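Written below as structure tokens is the structure these notes are about.
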Protein chains: 2
Amino acid sequence: MPDPTPGSGVVALAGGVGGAKLAHGLQAQIGERLTVVVNTGDDLERHGLLVMPDHDTVMYTLAGIANRELGWGIEGETFAAAGMLERYGEPMWFRLGDRDLATHVTRTARLRSGAGLTDVCLGLQRSLGVPATILPMSDDPIRTDVRTDDGWLEFQDYFVGRHQEPEVHEVRFRGAESATAAPGVVDAIDAAATIVIAPSNPIVSVGPILAVTEILAALDRARGRGVRIVAVSGIVGGRALKGPADRMLASLGHESSALGVARIYADLATDFVLDDIDADLAPAIGALGLRTHVTDTIMSHDAARARLAAECLAWAAER
Amino acid sequence: MPDPTPGSGVVALAGGVGGAKLAHGLQAQIGERLTVVVNTGDDLERHGLLVMPDHDTVMYTLAGIANRELGWGIEGETFAAAGMLERYGEPMWFRLGDRDLATHVTRTARLRSGAGLTDVCLGLQRSLGVPATILPMSDDPIRTDVRTDDGWLEFQDYFVGRHQEPEVHEVRFRGAESATAAPGVVDAIDAAATIVIAPSNPIVSVGPILAVTEILAALDRARGRGVRIVAVSGIVGGRALKGPADRMLASLGHESSALGVARIYADLATDFVLDDIDADLAPAIGALGLRTHVTDTIMSHDAARARLAAECLAWAAER
């Protein structure tokens, strides 16, 4: 696969698992030239510790230590601390592994010592030998809430605590209006040769990133100077590969399909990648003004991640 | 063994392992009528978490989950989080087990939520089913420093970090002058029928407790109204059973013997318990005005703990 942008960077916007997989494939292609901007809207405080599910899923995945069986946390994880936390009567709906707990302990200690969120995250990534750079979208706290029949819920209460069961009627990103982009994010976008929007939930994974005004403005600038912005559909055959994106799209008035996702990104992206089984949607997506690419988007193993990533980069380099 | 003080309380002053063993024996005798006042001078912040070595050693021991092999922490402990903390470049001279870490995480979270130290400790104890009450000596931070040839060192830096190797020339308890006794401590002493000073290091385990003015005053009041204060020697045959008490006594100008310990407690205690092998010191200790009791003080198993505790209570009840 030709290197489409020698000497230049690639920025990926990513949420959790799906984003982590494509980021892993991109890292396999371009290593340290990759910057992943991750959603922090899912972050939460547990047991007095700052937990960053999307950052950590991407970090563990790019470090090669992700727990593929669970889909979160670290491989070979143990839960001795969690058993003790439960004995102490701590609320246990968000269960942390022992090694994962060490991440949150270290991060929280360094933040409390006065370090910035991005600096702390970069330090953790370096310790784990991650070649790419993973940047939180903002050092300012932004929290995703979803309105359901049970009222407004914090995202993880909905996602983990209630197993994504309530129907989502509205989404808000608390703090996004006043948040600035994290150090390095705008620079990375300004220097990017290609931007990839990973197949993460467009509403609650990519949505919070785009809600940071500085980031959206930088993406618009990039598009204006001819940088390809390649979005990959996380909806395949009308279903989310993981998580509640399909039901959430439907309940928020979108179409639960690659076309529905394409409509959300139509004003931002230049290219749209959809799965072979959705090939019949390509003309309608093309009619939105997006260049379409049809391929196998199921990243079931490392080689599939790397292939999809290479294809995204190659398409971005096409005239 | 007769119950010397039916319906009335016993207060034990204790440091770590030796104190925990005698407290365990006392709890076996009198259960919830026992209040243990523990040293907090050894407490430290690790990875942003408040670690309370003496409180936790006593708590785990009285809960029946102490790690007897290591002499600290929890039985069957694992160290997955510690391995990860090390990978993150955290200073690792104070190694915390996974379950023990959960104690520090929970405690720190509850303190940060605004709860008082004593309330937090009592909550942890209740969760572990501890029948006795374990009170930190103070909710105010008091920290033990030792002056060595390397200068002033924080206690755990000396004790764990430098393996108690430097000679100690001076000891100070930072914050003790302005500290008040923790909630419940003075009340427990005022209501005590018997007070036991555990065979902990008299300088750096019991010393900090006595450095809290309100506690020393309450002990003096108790003695004044005829309450027996039974001190147990932690020096046997001139050697500390555990830790650096013997060398510390010597370098601070005391005699490293049961007699040296007795001299430290002579103005406070009424009774002094020494080991069979130190029987020849009994007359000199008696000459200090202390009632002496010679017995086997080595608490190598649970029955020995209970027997020594029962003897202490019986002697306290003697006319």
Side-chain angles (χ1 to χ4, degrees), chain A residues 44-51 56 59-60 63-67 73-92 94-115 119-130, chain B residues 44-51 56 59-60 63-67 73-92 94-115 119-130:
Chain A
L44 73 165
E45 189 149 304
R46 286 283 84 194
H47 319 298
L49 306 173
L50 178 63
V51 178
D56 292 351
M59 177 172 74
Y60 297 151
I65 61 169
N67 191 320
I74 300 176
E75 63 188 352
E77 188 61 289
T78 55
F79 292 87
M84 200 72 184
L85 289 168
E86 189 163 21
R87 205 163 159 188
Y88 285 133
E90 287 286 290
M92 291 307 295
F94 201 94
R95 200 167 173 82
L96 302 172
D98 295 323
R99 272 177 257 193
D100 191 34
L101 185 64
T103 301
H104 314 313
V105 165
T106 303
R107 172 165 46 225
T108 304
R110 293 177 184 180
L111 288 170
R112 289 232 164 82
S113 301
D119 286 343
V120 170
C121 289
L122 291 173
L124 298 175
Q125 295 159 32
R126 272 191 295 266
S127 291
L128 298 185
V130 175
Chain B
L44 74 166
E45 190 149 304
R46 286 283 83 193
H47 319 297
L49 306 173
L50 178 63
V51 179
D56 291 352
M59 177 172 74
Y60 296 151
I65 61 169
N67 192 319
I74 299 178
E75 63 188 354
E77 190 60 291
T78 54
F79 293 88
M84 199 71 185
L85 289 168
E86 188 163 23
R87 206 163 161 187
Y88 284 134
E90 287 286 289
M92 291 308 295
F94 201 93
R95 201 166 172 83
L96 302 172
D98 294 323
R99 272 177 257 193
D100 192 33
L101 186 64
T103 302
H104 315 314
V105 165
T106 302
R107 173 166 43 226
T108 304
R110 294 178 184 179
L111 288 170
R112 290 232 164 84
S113 301
D119 286 343
V120 170
C121 288
L122 291 174
L124 299 175
Q125 295 160 32
R126 272 192 294 266
S127 292
L128 298 185
V130 175

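The analysis underlying the following values was restricted to heavy atoms, covering all of them including side chains, and did not include hydrogens, waters or symmetry mates. Computed from a predicted structure; not experimentally measured. Order of the sequence lines sets the chain letters (A, B, ...), proteins ahead of strands, with each chain counted from 1.
With sequence neighbours excluded, the residues that form a side-chain contact (heavy atoms from CB on, under 4.5 Å) with E45(B) are R112(B).
Heavy atoms of L124(B) lying under 4.5 Å from chain A belong to its backbone as well as its side chain. With a threshold of 4.5 angstrom between heavy atoms, T103(B) approaches chain A through its backbone and through its side chain. In this structure, chain B has no heavy atom under 4.5 Å from any part of T108(A). For L85(B), the parts sitting under 4.5 Å from any heavy atom of chain A are the backbone and the side chain alike.
Here the side chains of R110(A) and H47(B) are not in contact, with every heavy-atom distance at 4.5 Å or above. Taking 4.5 Å as the limit, some side-chain heavy atom of R87(A) sits within range of a side-chain heavy atom of L128(B).
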*Give the intermediate values and the outcome of side-chain contact (heavy atoms from CB on, under 4.5 Å) for residues M84(B) and I65(A).*
CA-CA 12 Å; M84(B) 199 71 185; I65(A) 61 169; 4.0 Å; yes

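Atom CG of D98(B) and atom OG1 of T78(A) lie 5.0 Å apart (nearest 0.5 Å). Y88(B) contributes atom OH, which lies 11.0 Å from atom CZ of R99(A) (distance to the nearest 0.5 angstrom).
No other option in A102(A), G76(A), A109(A) has as many heavy-atom pairs under 4.5 Å with chain B as A102(A). Your options are S127(B), A80(B), G89(B), G48(B), and the one with the most heavy-atom pairs under 4.5 Å with chain A is S127(B).
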